[in-house]
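Worksheet: the structure to be examined is printed underneath.
From a predicted model like this one, the values you see are computed outputs, not experimental measurements. Below, each value reflects all heavy atoms present in this structure, side chains not excepted, and no hydrogens, waters or symmetry copies. Chain letters run A, B, ... following the sequence lines, proteins first and then strands; every chain starts at 1.
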Amino acid sequence: MDYLSKLENQSIYIMREAFNKFENLAMLWSIGKDSTVLLWLARKAFLGHVPFPLVHVDTTYKIASMIEYRDQLVKEWGLQLVVGKNEDVLKSGVTFPNGKATRVECCGTLKKDALKAVLEKHHFTGVIVGVRRDEEPTRAKERYFSPRDKNMEWNVEDQPPELWDQFKTDFETGAHIRIHPLLHWTEVNIWEYIERENIPIIPLYFANGKGERYRSIGCWPCTSPMKSNARNVRDIIEELRATNTPERAGRAQDKESEDAFEKLRRDGYM
Amino acid sequence: MQTTAPTEQLKIVIVGHVDHGKSTFVGRLFHDTGSLPEGKLEQLQKIAERRGVPFEWANLMDALQSERDQNITIDTAQIWFHTRKRQYVIIDAPGHKEFLKNMVTGAANAEAALLLIDAAEGVQEQSRRHGFLLNLLGIRQIAVLVNKMDLHDYSQERFDQIEREFRAFLKTVGLEPKIFIPIAAKHGDNIASLSANMPWWQGPTVVQTLDEFKISELPKDQPLRFPIQDVYRFDERRILAGRVEAGTLRVGDRLLFSPGNKVSTVKNIERWQAAPRETASAGESVGVILTEQIFVERGSVATLETEPPYALTKIRARMFWLGRAPFKKGKTYKIKLATQEAECHMDSLEKVIDASTLQNISRPENDQFVGRHEVAELYIRMKRPIAFDLHTDIVALGRFVIVDGYEVCGGGIIIEDSYPKRTSDGLHKSENIFWSHGKVTARQRAMRNSHMGCVVWLTGLSGAGKSTIATELERELFNLGKHAYVLDGDNVRHGLCSDLGFSPEDRKENIRRVGEVAKLFAEAGIICITAFISPYRSDRELVRKMMKPRQFVEVHVDAPLAICEERDPKGLYAKARANEIKEFTGISAPYEGPSKPEIQLHTDKLTVAESVAKIVEYLHMQDASAEVSI
């Protein structure tokens with residue numbers, strides 16, 4: 001079996017375990033390449049169906065074409081979409097683009113708190129998330145089935161053992177489990193798979209006329225494009241095989257302090 | 001620049017005693033193979049400078065704050081690097097004793113291991129424990145790196161001494177490393193290039209050794225094992241979802257589902273957005289549609305009829321324990337094996353081993369347990385049969401984890417024992433025959449049959465489903481290799497009780513006679529299933545009193561009157577309403593439901609198969625607790 005098929009089959013197995021074990025399951029969809037690949041894998045796992053809702057946390061600062069692309073796929077693929085938004089903070093205006101919060105504080109309220117609220121509202125006990133170990137060091141420590149306690153906190157020092165594809169599926173009430181079917185994929189694997197499967201990906205990832213493209217997408221005030229002439233999936237694969245620059249280099253919130261991202265994740269960020 | 005298809009990838013784990021230099025080694029390996037992200041080295045050097053501490057290679061891996069403080073890697077961080085040959089996923093397993101569960105997590109997912117030993121400190125407790133566990137976790141490709149050679153004058157004598165000592169130990173646990181290599185991770189000696197400091201070492205380097213390791217192959221030529229993960233009905237198709245763990249599945253294969261011994265044929269193999277193929281091999285997650293619909297659920301293992309797994313309630317295993325609380329005799333746990341789950345407990349403990357010294361630990365008879373970080377050989381008993389194989393035969397069906405409360409606390413592999421052989425028709429009693437000396441006892445009969453004789457007494461309104469369930473239950477038990485027989489209301493009334501009518505007195509006598517006959521069947525070792533309305537509580541209590549404890553299993557087949565009347569399979573309700581039948585239970589005569597039946601079946605909510613499964617489960621548990629089933 002070739003390497004991409006191995007990755008694919010393992011992710012399908014994990015998603016099917018999650019679907020069997022959680023009554024109230026949802027999947028986070030950031031509109032980015034990873035969670036769109038995840039969505040494709042869900043359709044593989046469930047033979048064309050997506051038998052759970054997708055949650056999108058909307059900060060209202062997302063790059064405009066992301067929302068258009070989202071709504072279009074929802075319609076074409078017949079998806080159930082749940083949108084989470086921190087209306088209170090947006091109303092009060094205490095955000096980074098308004099100059100009233102740091103980048104990390106802004107991520108904390110508009111993403112992390114909004115996510116927490118939407119999970120609570122719908123009583124989701126299992127949430128499928130498209131993070132990968134090679135993205136950044138704290139994600140490298142993740143498990144496929146990763147528990148979050150009642151306060152959504154992640155106890156990284158005391159994680160359950162995970163062996164032989166037997167996952168943590170028993171937990172106290174109030175806690176929830178994050179499921180990470182893409183944990184073992186690398187950034188270049190994602191693109192190789194997009195190429196093989198011909199998955200429709202938001203065009204922000206491809207170089208525009210000015211020789212720039214987004215390598216990682218998020219809110220416009222904190223995400224910047226990189227210099228690149230990669231105009232299609234094949235170009236991106238070749239570019240990535242040659243680069244040593246980290247994937248989240250264009251994400252400003254990671255750099256406010258040495259452990260900014262780690263703190264966000266311990267508190268429940270995806 | 002590569003433009004070829006995705007390259008192969010090898011997963012490796014790095015283990016060894018705490019402070020023997022694993023993180024430093026990984027940092028250096030990354031640097032020396034040109035795999036570091038741009039700016040990472042400079043960033044960490046700057047941080048070290050700002051804090052006024054010397055730069056440590058280990059910090060590349062230990063990205064978390066808490067680790068930098070303790071200088072211990074606390075989890076299996078996975079990272080990627082390339083050699084010219086291929087890509088590697090490297091798992092920096094920590095050496096601190098507290099974090100053994102992380103080492104196990106890392107190693108269980110690896111295909112090869114590097115075990116580091118400090119040349120100055122030599123072989124330590126964790127060096128031995130990790131060696132022992134690698135073997136238990138099934139890792140066979142191992143290289144031992146003798147690190148910090150710079151602290152021992154790059155001495156060949158020291159290196160040879162460590163190799164001799166550790167090789168001897170590993171041999172006793174059945175492990176043979178491919179090679180020992182002297183290195184000084186901090187300075188890059190013998191990592192990617194040969195060291196000028198050790199002219200006596202002619203190679204290979206660590207990188208060359210890694211490139212020699214082989215990618216583990218999926219066992220597609222072994223006997224077929226397809227554990228059912230789930231059953232989907234998203235549309236008109238009923239699809240069995242699962243991953244082929246061993247062998248190859250083909251359209252047209254006649255499949256045996258264990259435990260339970262049901263049989264059906266593969267009609268189609270389902271995939272989405274993939275070229276249709278008539279086979280699926282080890283590693284593939286697919287969906288299967290069967291030609292004949294049978295009741296199969298998650299946990300069932302599909303195999304070919306000619307190559308069945310074992311399906312028993314007791315296994316012999318070698319197990320390691322990671323839980324804070326020990327694995328104790330008398331406590332109930334959950335075992336997970338492939339997609340099966342069952343309640344289980346320690347049956348008997350053969351030996352407990354200290355994994356670092358290999359000494360047997362003796363425990364008093366009345367205090368049998370496996371403590372944290374200990375390894376044991378023991379028997380585990382399940383409340384119901386599970387399908388399994390020996391770990392040496394088929395890995396995926398030969399290993400399991402144990403859950404204590406909410407946590408996975410242990411894992412193990414199934415080892416040789418005198419398991420009764422399975423034949424394809426599921427009659428697996430041949431090597432388990434009990435000889436009787438003198439009068440044959442009920443227990444001897446039960447041991448011979450692998451089940452106790454008993455009476456399954458179905459009571460409920462006409463139309464509640466008693467006869468249907470009785471017939472299905474009989475068939476199911478028959479297919480499980482058990483002796484079962486149905487006493488049905490209609491067949492008894494034509495013979496044994498042909499002199500009786502439907503007055504309360506006659507009904508009472510009818511039930512008494514049926515009770516006596518059922519009792520004789522049970523004494524003869526048969527599971528006697530009766531399907532009578534038996535509306536009066538006192539009559540049923542009379543029958544219960546005839547029998548020994550646990551011999552009488554009262555099952556309330558319970559559906560609301562309105563539903564029974566709607567079903568009206570024999571048109572009796574209509575006649576009763578029209579007053580053509582007198583004293584009809586539910587209409588013109590009372591029905592007294594049992595107050596404490598052994599089993600309650602709400603047949604308006606359960607399918608026939610589900611109802612039958614509940615009764616079978618109850619009987620299994622009763623047999624397991626009486627220790628008559630194997």
Are side-chain heavy atoms of [X] and [Y] found at a separation under 4.5 Å?
X	Y	answer
B:I215	A:Y3	no
A:Q166	B:F400	no
B:R298	A:R16	no
B:V401	A:L163	yes
A:P161	B:V408	yes

For the residue pair [X] and [Y], what are the closest heavy atoms and their distance?
X	Y	result
A:D170	B:K336	OD2-NZ, 4.4 Å
B:Y406	A:K168	O-NZ, 2.9 Å
A:R143	B:T105	NH2-OG1, 3.6 Å

| field | By ring pair (Phe, Tyr, Trp, His ring centres under 6.0 Å) - contacts of B:Y232 (at least two apart) | value |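 By the ring pair (Phe, Tyr, Trp, His ring centres under 6.0 Å) rule, B:Y232 matches A:F19, A:F46, B:F234.
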| query | Pick from B:Q229, B:R271, B:K220, B:E270: which one has the most heavy-atom pairs with chain A under 4.5 Å? | reply |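 Ranked by heavy-atom pairs under 4.5 Å with chain A, first place is B:Q229.
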| Most contacts with chain A, counted as non-hydrogen pairs under 4.5 angstrom, among B:V395, B:I239, B:V286 |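 Max contact count across the listed options: B:V286.
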| Worked verdict on A:E162 versus B:N109 for side chain to side chain contact (heavy atoms under 4.5 Å, CB included) | CA-CA 9 Å; A:E162 196 163 74; B:N109 293 304; 5.6 Å; no
| query | Between A:E17 and B:R243, is the closest basic N to carboxylate O distance under 4.0 Å? | reply |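 A salt bridge is absent here (no side-chain N lies under 4.0 Å from a carboxylate O).
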| message | If the threshold is 4.0 Å, N to carboxylate O, is there a salt bridge linking A:K6 and B:E284? | response |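 A salt bridge is absent here (no side-chain N lies under 4.0 Å from a carboxylate O).
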| said: Please classify the contact of A:E197 with chain B as side chain, backbone, both or neither, using a heavy-atom distance under 4.5 Å. | reply: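 Side chain of A:E197 only, per the 4.5 Å heavy-atom cut-off to chain B.
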| Does atom CD of A:E23 have more than 12 heavy-atom neighbours, drawn from other residues, nucleotides or ligands, at distances under 6.0 Å? |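 Counting neighbours around CD of A:E23, 12 or fewer heavy atoms of other residues, nucleotides or ligands fall under 6.0 Å, so no.
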| request: Just jot down the side chain to side chain donor-acceptor pair (under 3.5 Å) partners of A:T125, sequence neighbours excluded, or say none. | output: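 A:T125 satisfies side chain to side chain donor-acceptor pair (under 3.5 Å) with no residue once adjacent residues are dropped.
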| request: Assess whether side chain to side chain contact (heavy atoms under 4.5 Å, CB included) is satisfied between A:L47 and B:R237, documenting all intermediate values. | output: CA-CA 10 Å; A:L47 291 312; B:R237 299 171 295 175; 4.0 Å; yes
